[in-house]
2 protein chains.
Amino acid sequence: MNSDELAAWLANSAIMISLPAALDARMQRESQMTFFEYMVLSVLSEEPDRTMQMSALAVRTSASLSRLSHVVGRLEKRGLLARSRIPGAGRRTNTTLTEAGYDVVVAAAPGHVAAVREYLIDSLEPRDLIALQRIGAAVDAAINHGRTTATSATTAH
Amino acid sequence: MNSDELAAWLANSAIMISLPAALDARMQRESQMTFFEYMVLSVLSEEPDRTMQMSALAVRTSASLSRLSHVVGRLEKRGLLARSRIPGAGRRTNTTLTEAGYDVVVAAAPGHVAAVREYLIDSLEPRDLIALQRIGAAVDAAINHGRTTATSATTAH
DNA sequence: AGGTAGAACTTGACGCATCAAGTTCATCTT
DNA sequence: AAGATGAACTTGATGCGTCAAGTTCTACCT
């Protein structure tokens, strides 16, 4: 690697390591949940009927079905969402946000947005905001060679 | 958030979530160790005497002393490194890479570099390589307000 | 109609991370 | 010189993530 590549890689580890750690710690402190748990609830809350099928939710949150199943199980125990089998459709299962779950997302959202701004967005110049979109898209493409993912579904091309 | 900020944030999650997952999985598969374990061994291998004090190693790897202590304990059991108290200096402890540990790093390095290239570096245009340096530095600064970190120590300012 | 393949989860075991608390030194204070 | 403070780790409990294996349906094949 040449020096630009090396510097880029080192700088990248701040994004890859420190950022998620900081966001996770803050979410835990302010809202007593994991960053990933928040993602799940938040994605559900944006659906018109606050419902999504497990496998679709897994894709949207970039998680394995196994991981999602564990997490949804815990969130269900806490009463934040509920599962229901879709009849006549194999093992397909819908997950629906409860009122309590919706309230939790609404309560956590401002702190989350503030954190994302504070740690990332607000310290970037406009050109770097654009660059970050390209970089993220490139990484996504390199890892998931053309499969549909959370980022690829939302990126203009 | 406006649409550029939102898009940047979404793209960012590819870097924050998919990239470490991909690198970790590959390191596990190819070299039977964690990405973080590799970092520890690799950082040590770059020191002239293959030795570093625990707390310095913690800063360089962006880990808490607790996390590092656990990991170093395991690596020591595997015979990849050794700890030794520095006499007359409180609880200060040095960690030294063993020959076996050095061999492991050397064996794992090519695969690691290839992965970093494949998933990140090689899919970026030169200008984005530079942008990534700025973005990483900005994130690092926003999170660790001025404290010395792994990235801040290696970034030209 | 019976059997096979495969999609969509679920489960359990195991390993790793985090947090809070504990330990062990050295140094500073009075 | 005794006690307090703080630095530098270590330890243990708890919870989350991952992987491999298991379950439960549907659909296709012949």
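Any value given below was found using the heavy atoms of this structure, including those in side chains, with hydrogens, waters and symmetry copies removed. Each chain gets a letter, A, B and so on, in the order the sequences are listed, and its residues count up from 1.
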Between which nucleotides of DNA chain C, 5' to 3', does chain B make heavy-atom contacts below 4.0 Å? C/dC16 to C/dA26
Of A/Thr34, A/Leu81, A/Leu44, which is the lone residue that meets side-chain contact (heavy atoms from CB on, under 4.5 Å) with A/Leu75? A/Leu81
Just call it for A/Gly88: base, sugar-phosphate, or nothing, with non-hydrogen atoms closer than 4.0 Å on any strand. sugar-phosphate
How long is the line joining CZ of B/Arg91 and C1' of D/dT11, in whole Å? 10 Å
Whichever of B/Arg92 and A/Thr34 has the more 5' nearest nucleotide on DNA chain D, that residue is B/Arg92
How long is the line joining CD1 of B/Ile17 and C1' of D/dG17, in whole Å? 14 Å
Nucleotide D/dC19, atom C1' - distance to CD of B/Gln32 in whole Å: 14 Å
Using nucleotides 1-5 of chain D, report all nitrogen or oxygen pairs with the protein that are shorter than 3.5 Å.
none

Full working for side chain to side chain donor-acceptor pair (under 3.5 Å) between B/Asn144 and B/Thr149: CA-CA 8 Å; B/Asn144 315 285; B/Thr149 63; 4.5 Å; no
State, with a plain yes or no, whether a side-chain heavy atom of A/Arg74 is found less than 4.5 Å away from one of A/Val71. yes
Hey, does B/Thr93 reach any base, or is it just sugar-phosphate, or nothing, if we go heavy atoms under 4.0 Å? sugar-phosphate
Mapping A/Met54 and A/Gln28 onto DNA chain C by nearest heavy atom, which one lands closer to the 5' end? A/Met54
Nearest whole Å is fine: how far is D/dG17 P from A/Phe36 CZ? 7 Å
Report yes if some heavy atom in the side chain of B/Glu30 is under 4.5 Å from a heavy atom in the side chain of B/His112; otherwise report no. no
I want to confirm an ordering. Mapping A/Gly90 and A/Val71 to their closest nucleotides on DNA chain D, which one lands closer to the 5' end? A/Val71
Quick one: is D/dG17 close enough that its OP1 or OP2 comes under 4.0 Å of any side-chain N or O from A/Arg67? yes
Nearest heavy atoms of B/Ala58 and B/Leu68, plus distance in Å: N-CD2, 3.6 Å
Round to the nearest Å and state the distance from B/Arg29 atom CZ to D/dA20 atom C1'. 16 Å
In whole angstrom, give the distance that lies between atom CD of B/Gln53 and atom P of D/dA7. 14 Å
Is a donor-acceptor contact shorter than 3.5 angstrom present between the side chain of A/His70 and the base of D/dG15? no
Counting only side-chain N and O atoms of A/Arg85, is one of them less than 4.0 Å from OP1 or OP2 of D/dC25? yes
Phosphate-side-chain proximity, B/Arg74 and D/dT11, N/O vs OP1/OP2 below 4.0 Å: no
